[in-house]
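Just so you know, these numbers use all the heavy atoms, side chains as well, and skip hydrogens, waters and symmetry mates. Just so we're on the same page: letters track the sequence lines, and every chain starts at 1.
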2 protein chains.
Amino acid sequence: MVVKAASVNPDASPSSSERILNASEMLFAERGYAGASMRDIARSAEAPVSLITHHFGTKEELFRQVIDRRIHEQVATTLDDIAKAQDASNGAPVSLETLMRCYMEPMVHKSMHGGPGWKNYAKLMGLAMFNSQYDDFLKPMIDVYDRVQDAFVAACRKIFPDADERRLQLAVFFLNSSILSVLVESGMLDRQSGGLCKSNDLQMIVDEMIPFYAAAFRQRLTPA
Amino acid sequence: MVVKAASVNPDASPSSSERILNASEMLFAERGYAGASMRDIARSAEAPVSLITHHFGTKEELFRQVIDRRIHEQVATTLDDIAKAQDASNGAPVSLETLMRCYMEPMVHKSMHGGPGWKNYAKLMGLAMFNSQYDDFLKPMIDVYDRVQDAFVAACRKIFPDADERRLQLAVFFLNSSILSVLVESGMLDRQSGGLCKSNDLQMIVDEMIPFYAAAFRQRLTPA
DNA sequence: GTCTATAATGAGATAGAC
DNA sequence: GTCTATCTCATTATAGAC
């Protein structure tokens, strides 16, 4: 069964399927897969547990549906942004800063302005990608997401055609680590900075992140 | 109750407390707190479940003891390395590369050469620090670990005395994200690089990580 | 310290009425 | 689609013998 993303009309009361997906999204993001029970989800969705199994079958399938509800839009938007930027540059390599922004801004933007569902989804994605624990039953969706990474790496290769491939892969890995860390909005940054930086101020973090990583990319991927 | 780290003598069969801690360390690292049941742990430790509660009381307390068994040695080693490097530089700021190595190498070294216990501990630390899910019942230990961060940030301030404080905090946050990502050894890097880079080759990753982040730190923390 | 046995509750999943 | 009731097994934790 396929359930569309929450209705555009905020006044429309969501169907039970949507309420269940929303509740799952929130609780999986907060507590992880094993830490969120179907009872908790049912209570949060104000529905009996049997309605969850009726709509989604097993808990694993529910989790998959939570991801599946949004991942395609997320991936399409990101790929689209990268493609547009490359088209606009008329064959010349797109600027590194622009490319990085295309790569991370769609998800960050949805997390900030897409409503609580997208916020929870972003946290959940960060958790799931960071954690090999979810690899097994997320395999198909991880594959989908890896296409975005391939597009980003390919665009980087055009900017740094002489870069060592291993260094390039590691550079992207380091960048990805930070993106995931930003998306989950754990309290790490707030705590460490004594409140000077807020982990929920994603825009500020991304705006600093781009020149930061651009500097490292240039230094390490431009052969002397 | 306080249990010492595993015996130095590898032939000495570990006590039941140690076996339980070892099994917990492994399973918590692999599946997270909620995903590892006390039954699983008991089976892996070849002990009845009641022996776990007898030794450690609750599951939460068991988790805390798993962390507590190693964190003090880890923190002490890291702080010691940073202090030694600063002493050796005779009042001049220590080099950024040296400082970064002092900051991350102790944990990485233990993960690579400290035996399976330290490997699992490193993964678990990465998981727990990344994830705000564990903040509540790890608060005291997170506080301990934050002292390491404070020492690192203070040493960075000496190297970049005119740096904007917010940028410094963000730079350290970005670095920390990657350190955690490296410690958990999720398959992300292997998958993305098509096998070119191995997530268990911590030394290679750290050796590239230091010049990578040093370049970014210098670029962003040196006012024009 | 170690074990068997068991309590008390929570878990995922199902049956069947409406 | 929705609900109540229930099954079956896993969960944390405890009691009490040795």
Exercise. How long is the line joining CD of A:Glu18 and P of D:dG1, in whole Å?
Worked result: 11 Å
For this session: Please list, chain by chain and in numerical order, all residues satisfying side-chain contact (heavy atoms from CB on, under 4.5 Å) with B:Met107, sequence neighbours excluded.
Result: B:Gln74, B:Lys110, B:Trp118, B:Tyr121, B:Ala122, B:Leu183
Seminar exercise, completed: Between A:Thr53 and A:Arg43, whichever has its closest DNA chain C nucleotide further toward 5' is A:Arg43
For this session: Check the distance between C:dA11's P and A:Glu60's CD and give it to me in whole angstrom.
Result: 17 Å
Exercise. CG/A:Asp190 to CZ/B:Phe173 distance, rounded to the nearest 0.5 angstrom?
Worked result: 9.0 Å
Exercise. Can you check the B:Lys59 NZ to D:dT11 P distance for me, whole Å?
Worked result: 9 Å
Problem set entry | Rounded interatomic separation in angstrom, taking CD1 from A:Ile41 and P from C:dA13 | 11 Å
Problem set entry | Distance-minimising heavy-atom pair for B:Ile20 and B:Ile41 | O-CG2, 4.0 Å
Seminar exercise, completed: Applying side-chain contact (heavy atoms from CB on, under 4.5 Å) to B:Asp135 and not counting sequence neighbours gives A:Arg191, B:Ser132, B:Ile142
Exercise. Do the two ring centres, one from A:Phe63 and one from A:Tyr134, sit under 6.0 Å apart?
Worked result: yes
Problem set entry | Nearest-angstrom distance from the residue atom CD1 of A:Ile20 to C1' of C:dA13 | 14 Å
For this session: Taking the side chain as every heavy atom from C-beta outward, state whether B:Tyr33 and B:Lys59 have any pair of such atoms under 4.5 Å apart.
Result: yes
Exercise. So which of residues 23-36 of chain B are in contact with DNA chain C, with a heavy-atom cut-off of under 4.0 Å?
Worked result: none
For this session: Rounded to the nearest angstrom, tell me the gap between atom CG in A:Leu62 and atom C1' in C:dA13.
Result: 13 Å
Exercise. How does protein reach along nucleotides 2-8 of chain C, written 5' to 3' as B (base within reach of a heavy atom under 4.0 Å), S (only sugar-phosphate), or - (no contact)?
Worked result: BBB----
Problem set entry | Qualifying ring-ring contact (aromatic ring centres under 6.0 Å, His included) pairs with a residue from residues 175-196 of chain A, counting only residues at least two apart or across chains | none
For this session: Just jot down the side chain to side chain donor-acceptor pair (under 3.5 Å) partners of A:Gln86, sequence neighbours excluded, or say none.
Result: none
